[in-house]
Asker: 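Take this structure, written in structure tokens, and hold onto it; I'll ask about it next.
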Amino acid sequence: MPRYITVTSLLNKTKKRDPWFLDDYTINPYSGCAFNCLYCYIRGSKYGINMADKLSVKADALTLLRRQLAARAAKQQQGIVVLSSVTDAYLPIEEKERLTRGILELLLEYRFPVHIITKSPLVLRDLDLLHRLNENAILPPDLAKYSHRAFITFSFSTIDPVIGKQFEPGAPDPSLRLQAMQRCATAGLMTGVSLMPLLPFITDTPEQLARLYAAFHEHGARYVFPASITLWGEEQADSKQLVLQAVQQYYPQFSGYYQQLFAQHTGVPTAYNSALQAAAAAAAAPYGLLPRIPVE
Ligand code: SF4
């Protein structure tokens, strides 16, 4: 039986729009995430090592959301809603709960544009609604130049199924995400990739990046957001401990580098990051893949 929790707000107004995700609002239908990525930034003692155990469904979410959307729409405050920022809106539980589908129906009714960020092909179930949102939603005035109103971003740290299982043990196989992206592109929706976190030495070498970008292009991506990893926490359930353990177990040859990289800092050094961004730009160039959602 899923756990149900009561919340006081579903539609969260962001303080500042992120240039990648274009988020004016976020909605998280679930609390926690069953995909259990080791690097997940929501990790910590709140959800434990197996985050699927603490997964909760937000009860009465749709009633609450209708009120919040109606109030915003009455003031013509439609903006891009990101689904989701601290969970995945298409977890296996969504097949039965259909909460995300209910949210999309409300977004359509109140004409809010949407940006889905997911690791799951279950998003294909809702292509009918996403098409209608793409036709009918109202963009905020400063984004009116965009010709799409529904954006679907697939999240990857790798396209290698073995590495995927090591670092994203509960998530759908990357090949299923690639196929789903292809279907979204073929259906005429704006789709691309959130390529984060890239794993130092494991998935971020120039050869790996060349393979990744070729596959994304082949499967219909129009844009790719590349970023390295951020790790923190000294407790057992924290992302830093879990990723360092996995590197020690599967890639002992890189374990010393990881210990060094993350001994004092949560992220990779500036020079490392600059080199990574340059390598990603070089891998993107042959395909015209942009590091931002294109306007047209
Ligand atoms: S899919 Fe996203 S929210 Fe879920 S565990 Fe992975 S990184 Fe965290």
Side-chain angles (χ1 to χ4, degrees), residues 2-3 5 7 10 12 14 18 20-21 23 26-58 81-95 97 99-100 103 114-124 151-161 163-178 180-181 192-200 202-204 224-233 235-247 266-267:
R3 288 156 26 116
I5 54 169
V7 292
L10 204 71
N12 169 53
T14 57
D18 181 278
W20 275 330
F21 299 110
D23 50 338
T26 59
I27 295 178
N28 292 290
Y30 302 103
S31 170
C33 185
F35 288 163
N36 252 321
C37 309
L38 303 191
Y39 50 72
C40 181
Y41 61 88
I42 67 168
R43 278 195 171 278
S45 54
K46 180 177 173 195
Y47 296 113
I49 290 179
N50 182 3
M51 295 201 294
D53 290 345
K54 295 272 176 71
L55 182 66
S56 309
V57 183
K58 295 184 179 175
V81 177
V82 161
L83 272 168
S84 289
S85 57
V86 290
T87 187
D88 194 301
Y90 289 101
L91 297 173
I93 197 172
E94 168 62 18
E95 275 188 64
E97 292 290 330
L99 190 47
T100 296
I103 289 168
V114 70
H115 183 181
I116 306 271
I117 301 157
T118 186
K119 286 186 166 82
S120 173
L122 183 56
V123 64
L124 298 175
F151 309 94
I152 308 173
T153 297
F154 289 87
S155 171
F156 293 83
S157 64
T158 179
I159 52 169
D160 182 314
I163 304 176
K165 269 283 162 263
Q166 290 165 344
F167 290 90
E168 305 165 341
D173 189 281
S175 65
L176 298 175
R177 296 176 227 167
L178 288 173
M181 184 162 67
V193 169
S194 171
L195 183 54
M196 56 182 86
L198 284 159
L199 302 160
I202 301 170
T203 66
D204 73 348
V224 180
F225 313 142
S228 195
I229 197 164
T230 304
L231 295 174
W232 61 80
E235 302 295 324
Q236 235 196 337
D238 290 330
S239 60
K240 181 173 161 184
Q241 301 312 310
L242 293 171
V243 169
L244 292 188
Q245 276 165 25
V247 172
T266 55

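When a ligand or atom number is given, it counts from 1 through the structure's own listing order.
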Asker: Leaving out waters, which are not shown anyway, how many protein N, O or S atoms lie closer than 2.8 Å to atom 6 (Fe) of ligand 1?
Answerer: 1
Asker: Would you please name every residue forming a side chain to side chain contact (heavy atoms under 4.5 Å, CB included) with D53, sequence neighbours left out?
Answerer: N50
Asker: Does ligand 1 have any atom that is closer than 4.0 Å to a heavy atom of M51?
Answerer: yes
Asker: Nearest 0.5 angstrom please: D18 CG to H115 NE2, how far?
Answerer: 9.5 Å
Asker: Any chance you could measure L195, atom CG, to T153, atom OG1, to the nearest 0.5 Å?
Answerer: 12.0 Å
Asker: With sequence neighbours left out, what residues match F167 under ring pair (Phe, Tyr, Trp, His ring centres under 6.0 Å)?
Answerer: none
Asker: Check the pair F225 / F21 against ring pair (Phe, Tyr, Trp, His ring centres under 6.0 Å), numbers first and verdict last.
Answerer: CA-CA 9 Å; F225 313 142; F21 299 110; 5.4 Å; yes
Asker: Using the test side-chain hydrogen bond (donor to acceptor under 3.5 Å, both in side chains), find all partners of E168 that sit at least two apart in sequence or belong to another chain.
Answerer: Y39, S157, R177
